[in-house]
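Just passing along the structure, written as structure tokens.
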Amino acid sequence: MKRIWSIYFICSFFISGAYCPAYSDGQQTVYFYNTESNINNFAALKGGFDIYLENRGGYFFQPFDLRENFEAHIREKKRGNIYVLSNWHLRELQKKKMPLEIAMIGTLKGNEEHRKVLMAKKEIVDFAGLKDTVVAAAGTEQYVHNILKQILGKEHEALLEDITIFIVPKDLDALLSVGFDFSSAAVSAENGIDKMKLMNPDHFEALHPLGFSKKDYLLVVATLKNPTEQELQLLEALRKMQDTDEGKEVLRLIGIDGWRKVK
Amino acid sequence: MIGVQTISAHLKKMYFCKVLSLFFFCGAAFAQTGKVLIVNTDNSVFRYEKIATEFKNALQLNAYKWTEFDLERHINDEEELKRLIQEDPPGLVFCLGSEAFLLADKLAHNKKMLFSGVINWQRLAIGEKTNGVANELSPMHELSLLHYFFPSIKNIGVVYSESFSLEYVENLKKTALPLGINVISRSNNGQDDINAVLTDLMPKIDMFWLIADPGVISGLGTMQQIFDTAKQYKKPVYAYSDVFIGQGAVLSISVDLATIGRQAAGLAIKMDMDDKAPSGVVQTPVGSTITLNKCVLDMLKLKFNPDALDSVNDIVGCGK
């Protein structure tokens, strides 16, 4: 395990700026964009995946921090590549008539779905108590707005006008900010709540769930419709990452520990 | 606190009212509201520049205007800043760094003031109409995350100087107890033999916590001694900044500068819109950046919570 990490760090060092899209042109590539992932050292992320994938068919991993650039690659509709993204993002792309379909679903400890939870201070007993408060969350403001809209439902969505969304880097920061009286509530993935329980039981006890979003997949892999044999091979190489400790550890960086194939 | 959307709606109303007031009343008061003066100690310092950039982005979204004054770029900074404040009176002054705050506070004492990027803000005399965002994460934030990453760590060692960090260390101890963590501290005033202090401390602890105490980390030599002794005793070092990852710290949980900028902007807007907004409020930064040194982690064979990997922002390996 130690060896593969060392190798990929050495590689990520030498391939500095390797996440430049031009790098992987002409190679079969796994394109990645996910605003919910915390890691922002793409060289380390790319290095981890590349070491694994390169040895299993000469594939590459290409993370993106800009949605437009990621989507530009999809629009090229170049065969041979696959795309790792959030399911809500995939749905948006499908609505825009992008010919994508789910091929695999990310799993974590056997679960493939998660919900977002609105955790509030105990004195806020219902949605009305959120008026003129700050809600902390990770992600983009638009994304958090949409999640809150979903959690509040039609009946209470007008409340969004009176809520300040404050963006923080991680779910854990959002949850802790409630404990520091900076915010009155936080939006977090369900596993963030479990983490909070372990991290600071007292802070956890001071919060309670006020509402839940709909369940959605943790992460998905999409291909262009009617995947080619080459794409299926790349999918299989990615799926097999969960079979080794090294592969699993790299998957952990993006919040999953395995993949399930969609038939 | 007022919602962002509400703020936008209010701002539209506010600007309409401002335009009206321009016609009917004297323009002096109008010139002040909604206008922010950013006084920066040195904009070439990454920390200040990053906070200022995020602050400006948030102001722009809320249709605010600002003027910037970088102390480092003015030879007669006091004279020039004084003239600027007189000629174009701001509604609020946002100061980055102690130097900027001390000067602006002197020259624009009656104005609404906001500060960030100030080390140990407690030593500042905070007057009326002044708010701020602290420079460091709260010990609770760091301890909670540290406990999550290394649940088996029970005894943490700290070396501090009484003149700089006595209160901080007392607070750290109190905060750590409910998490089942015992903080073992040793004071050192910088002239004492740090080696003797470290040699006494290391066998008693599971991890060394490096705090931002200028009385201890006064020179490169001291820092090196801390890391060398920790290595000798095979003890991991936790640090408050990722600057120390390269020296061998296993984990750093540092403040996220962009979040500070957004927090400051939120305070600025609130202060500008509401004359009765409370003053003397110093917010704790709520965003963190976590860097893990995988090389040291493997070398020391530390028990690490694998579920925490997805909370890491940056991982550094042996090759870096």
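Each chain gets a letter, A, B and so on, in the order its sequence line appears, and its residues count up from 1.
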Residue, of B/Thr291, B/Leu137, B/Leu146, B/Val312, that accumulates the most heavy atom pairs under 4.5 Å with chain A: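 Looking at each option in turn, the highest pair count goes to B/Val312.
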
What part of A/Leu108 gets closer than 4.5 Å to chain B, counting heavy atoms only: side chain, backbone, both or neither?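 The answer is neither part of A/Leu108.
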
4.5 Å side-chain heavy-atom contact, A/Asp173 and B/Val286: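 They are not in side-chain contact.
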
To the nearest 0.5 Å, what is the distance between CG on A/Asp181 and OG1 on B/Thr284?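 OG1 of B/Thr284 is found 9.5 Å from CG of A/Asp181.
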
Is B/Ser138 close to A/Leu176 at the side-chain level, that is, under 4.5 Å between some pair of heavy atoms?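 No - every pair of side-chain heavy atoms lies 4.5 Å or more apart.
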
Salt bridge present between A/Glu141 and B/Arg262 (N-O < 4.0 angstrom):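 Salt bridge: no.
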
Show your reasoning for whether side chain to side chain donor-acceptor pair (under 3.5 Å) applies to B/Asn305 and A/Lys195. CA-CA 11 Å; B/Asn305 176 6; A/Lys195 288 175 181 178; over 6 Å; no

Reported CG-to-CG distance for the pair B/Leu143 and A/Asn200, which is rounded to 0.5 angstrom: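 Here the interatomic distance stands at 9.0 Å.
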
Less than 4.5 Å to any heavy atom of chain B: does that hold for the side chain of A/Lys109, its backbone, both, or neither?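 When you check distances to chain B, only side chain atoms of A/Lys109 fall under 4.5 Å.
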
Using side-chain heavy atoms (C-beta onward) and a distance below 4.5 Å, is A/Phe180 in contact with B/Gln283?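 No, every pair of side-chain atoms sits at 4.5 Å or beyond.
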
Answer with side chain, backbone, both or neither: which region of A/Asn191 has an atom nearer than 4.5 Å to a non-hydrogen atom of chain B?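 Looking at A/Asn191, just its side chain touches chain B.
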
What's the spacing between A/Ile254 CD1 and B/Asp310 CG if we round to 0.5 Å?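 Going from the CD1 atom of A/Ile254 to the CG atom of B/Asp310 covers 10.0 Å.
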
Side chains of A/Lys170 and B/Asn313 in contact at under 4.5 Å (non-hydrogen atoms):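 The answer is yes, as the side chains (C-beta and beyond) meet within the 4.5 Å cut-off.
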
